[in-house]
Amino acid sequence: MRSCWGRRRSDPWMVFSKSSAWTIVYMMTSLSLLGQLTLSLPINIHIGALLDSEAHRLFLARTVQALNPLHSSFNVPRILSVEDTDLSQESAANSLLFNASSIIAHSSPIRTALLMCRHLLNHPVYAILISQPASGYHLSAAAASYTAGFYRIPILSINNRESLFSDKNVHKSFLRTVSPYFHQVDGWVKLLAHFGWKSVIVISSSNQDGRMLFNRLQSQVEKQEIAIEKSIEFEEGVVDVDKDLANVKSALHGRVFLLFAQTKDAAYIFQAAHSQGLLTAGNVWILTEQALDAANCPIGALGLKLLHYDNTEDHITDAVQIIAQASLVSYAEKHLSVPPNNCNDTSFTWTDGPYFFQNVLKQSLPHGRTGQLSFDDTGDRKVAEYHIVNVQAEKQLVVLGSITVDSHDSSNTRITLDRRKRIVWPGTDSPDVPKGFTMATHLKVYTVAEAPFTLVEQGLNASMCEEVFRGVVCHPHGRSLLNPATVRDPVQCCWGYNIDLLKSFSISVEFSFDLFLAPATQHFPPEKKNSTDEPAWSGVLGELVHGDGDMAVAALTIMPEHAKHVDFSKPFKYLGITILEKKQPRASTLNSFFQPFTSDLWVLAMVCLHVVALAMYLLDRFSPFSRYVLPGGDEPEEDALNLSSAMWFAWGVLLNSGIGEGTPRSFGGRVLGMVWAGFAMIMVASYTANLAAFLVLDRPQSSLTGVNDARLRNPSENFTFATVSGSAVDFYFKRQVELATMYRIMEKQNYNDSAQAIAAVKSGELQAFIWDSARLEYEAAKDKDCELVTAGELFGRSGYGVALRKGSPWTSKVTLAILGFHENGFMESLDNRYIYMRNNTQCLPEENAPATLGLQNMAGVFILVGIGIAGGIILIIIEISYKRSQVAKQRQARVTRMAFDRWRRTIDVSGIIVYDAYVKTGTWFLGIIILIRKRNRRKVDPSVGWVD
């Protein structure tokens, strides 16, 4: 084939002049800036190289020499420096003189470094080119990069594609004119988007190239909404993917395989894929360049081949052109120091090396021999062109089209396919593009035991589970249904909100399932693996991320961090975050029934009562008509109203207890009684109405107003609140700046489980628990003591969704089913049955509950009655004691009176006897003696006392 340049390829001058004619225009423009500058000494721009063959050494020499006539008329700044002694001795010339020295690359890294020092760095070198054999020399290239980087000399590689050279922390001055292996990812993603494949399985080695490729793939597929359903890693040289591929066939839906592997490893993978039946119709394999060289590469596989990769001379030409442009730009801007010329002096590095490297990095060739050439910030080539190849009969690689990849801006990546070319797909002669997935109708579903969404009962068989709880049998995590020994283990019955939802899914979407319990719900934030930045998910999300489950129906909050790794349906339950607390009823005192009136009003009422009673007594006492009888009547005259009767009348009217006796008799007293009755009616009515109002106000209320409550924003030491560690609620507070204070306080008090936190609230150990509103409303509804209540309005609104494996074909079907359930009221019925418990709720809503009094409210009334009873008993005791004392006094008075009467009679009889004796004897003395003798002869009569 005739050369595309129109002349013999061995003529470097013609090669250079035709491919880089645009550069002359650029240099002539620079001449206007340099026209006034002259130089008395020539400047030698020395280019070193490590090449893979003698022919390429000669080609480099001719290409560099071809630069000198082109630059002969250019004036550059004069270089005068104390260090430039070698230059000052050369003859003056007004041009940049380019020359090159090169050596043959060696596979030994140490040998490579020694050869560079002896033959390249023994005189000033501005840049070094590397061209090495295809494999086995990347360590020597790394040694060359370390050596050149130490002295700050730019180094350009024209065939090293390993990702390690993109690390600028190690390879600080490394650039390359070829695209690294992991840039093929951009072409892969464009190919996937072109054919409409949305789910892929990645098989890659665990070395640095494999990790870089996978990381770049993850970032690229997110933009195209392509899911990585599973990632299979293997150790280079030790390939064991049989179990992983068997799991792919049995459990995964995706059938598009992206393979990055060396040729030998790819051969083992193809063999394992063939044994698992993954090279048949419906499967798609997209390979990297190394895997295309495997002897057993499957017919129908697609791959990418980098253009111009094997054309070393074109890469040498473009690299030399980049160095020439950078040299001209550098000397047009500033005075450059001379590069090191001795490896023995390790303290001497090229001070202007970083500046020259940046100028090399900024250069570009819009129409280079290898296409458009420019560099990104890491020194990798920005734009690369790949051939899309298809493995067809007899292992022939048929070019289907091309992909132009712009690693800096993926929007500039373009794909071109020749529609005249027929694409061969694995295992079939049909030209139809495979769907890229397979639909398994028996799914492995995971759930989590969390009330009221999934409740678990132990020791029930399948029939009892269905009849009693309307549930399904669920298997413990880790149980294998293929192992008869584990299948005979006691089964568990799962029922609740999610189980009813799952059963409805299976009917409407048409799939069968095995249900498993995951050990925990979500674990967030995810832990990091030791060697990578990939999150190590655990719990139910981990079962989906690692490819062990197809679907998860649980209380999973839809979060962006989760959606990166799994697919979510539309929310089946909309909710928010709320606060659970124990009811705080208003403290009731013993005098609660006195609250409708103020204390001064009670005092005035009592004073008024007694004043009215006194007034009625006085009116009746002094009224001339207070005692009267009807004319001609036989009734006795009635007495006037006494003070006690007036008191009884006043109390009876006030308390509406009826008046049996003691009513006012005078006209004035009766008028006052009527006025007092009106006063009593108004007072009683006012008391009753105000008491009803106090019952409403005395209803137990939640003490917290919401998340903005002052006790949450600025809590005291005796007020505690918390959530569950590592949960979506915990992360919500973590990322909200305005809630940072609350988060720092909660962080020390958070619980590991929501059930523990709810129990702590009920026991009074925790004042407030912040959690998902659905769970807290359920707990408040089922509380038998009606002590738990949700406080404040919802915030942080979100939703629970069904999680599926990334790229699952069931996602859209489940979403459509959920939308239908919302529309026909099925979701509302689940809310009423399991969350709000409308059928068997024991606690009426606060706004519907009647305001009732309890013992704590009316205890004072009962105490008052008790005081009345005790007072009555005390009074009756006093009355009895008083009566007894009165009876004793009366008896004593009667005895005294009888004694007095007897004494008086005795005195009367004795006087007669003495007088008779006196008359008879004539002396009083004899009369008294006679009286004493008669008294001694008396007899006792119990009824009348002493008698003779």
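These values consider heavy atoms only, across backbone and side chains, with no hydrogens, waters or symmetry-generated copies. Just so it is clear, the structure is predicted and the values come from calculations on it, not from any experiment.
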Hydrogens and angles aside, do [X] and [Y] bring a side-chain donor and acceptor to less than 3.5 Å of each other?
| X | Y | result |
| --- | --- | --- |
| Q132 | S140 | yes |
| H106 | T112 | no |
| S179 | Y309 | no |
| D318 | T370 | yes |
| R255 | T438 | no |
| D514 | H442 | yes |
| D52 | H56 | yes |

(message) Checking ring-ring contact (aromatic ring centres under 6.0 Å, His included) between W285 and each of F260, F257, W425, which is the one that passes?
(response) F257
(message) Less than 6.0 angstrom from the centroid, inside 45 degrees of the normal: does R176 satisfy that with respect to the ring of F375?
(response)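 Because its charged atom misses either the 6.0 Å distance or the 45° angle limit, R176 does not stack over F375.
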(message) Check for me whether K444 meets the cation-pi criterion with F516, that is, NZ or CZ under 6.0 Å from the six-membered ring centre and within 45 degrees of the ring axis.
(response) yes
(request) Please determine if D406 and K382 form a salt bridge, counting it only when a charged side-chain N lies under 4.0 Å from a carboxylate O. (result) no
(request) Inspect the contact between R805 and D567 and indicate whether a charged nitrogen and a carboxylate oxygen are less than 4.0 angstrom apart. (result) no
Could you check whether atom [atom1] of [X] has more than 12 heavy atoms from other residues, nucleotides or ligands sitting under 6.0 Å from it?
| X | atom1 | value |
| --- | --- | --- |
| Q271 | CD | no |
| K243 | NZ | no |
| D429 | CG | no |
| I110 | CD1 | no |
| R422 | CZ | yes |
| K395 | NZ | yes |
| E510 | CD | no |
| K198 | NZ | yes |

(request) Could you tell me the separation between the CG atom of L544 and the CG atom of D550, rounded to the nearest 0.5 Å? (result) 8.5 Å
Closest heavy-atom contact between [X] and [Y]?
| X | Y | value |
| --- | --- | --- |
| A803 | V566 | CB-CG2, 4.4 Å |
| I226 | S199 | CG2-N, 4.4 Å |
| A563 | K806 | O-NZ, 2.6 Å |

(request) Could you tell me whether F165 and H171 have their ring centroids closer than 6.0 angstrom? (result) yes
(message) I'd like to know whether I130 forms a side-chain contact (heavy atoms from CB on, under 4.5 Å) with L156, so could you lay out the CA-CA distance, the side-chain angles of the two residues, the decisive distance to 0.1 Å, and finally the verdict.
(response) CA-CA 6 Å; I130 303 179; L156 276 77; over 6 Å; no
Side-chain donor-acceptor contacts of residues 184-193 below 3.5 Å, not counting sequence neighbours, with atom names and distances?
unit_1: Q184; atom_1: NE2; unit_2: Y181; atom_2: O; d: 3.3
unit_1: D186; atom_1: OD1; unit_2: R216; atom_2: NE; d: 3.0
unit_1: D186; atom_1: OD2; unit_2: R216; atom_2: NH2; d: 3.1
unit_1: K190; atom_1: NZ; unit_2: T413; atom_2: O; d: 3.4

(request) Using the test side chain to side chain donor-acceptor pair (under 3.5 Å), find all partners of N207 that sit at least two apart in sequence or belong to another chain. (result)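 Once residues adjacent in sequence are excluded, the partners of N207 under the side chain to side chain donor-acceptor pair (under 3.5 Å) criterion are S205, E236.
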(request) Take F182 and S166 through the test side-chain contact (heavy atoms from CB on, under 4.5 Å) and record every step on the way to the result. (result) CA-CA 10 Å; F182 66 89; S166 298; 3.8 Å; yes
(request) Take E289 and R161, measure what salt bridge (charged side-chain N to carboxylate O under 4.0 Å, His left out) needs, and give me the verdict at the end. (result) CA-CA 12 Å; E289 297 177 53; R161 303 181 64 185; 2.8 Å; yes
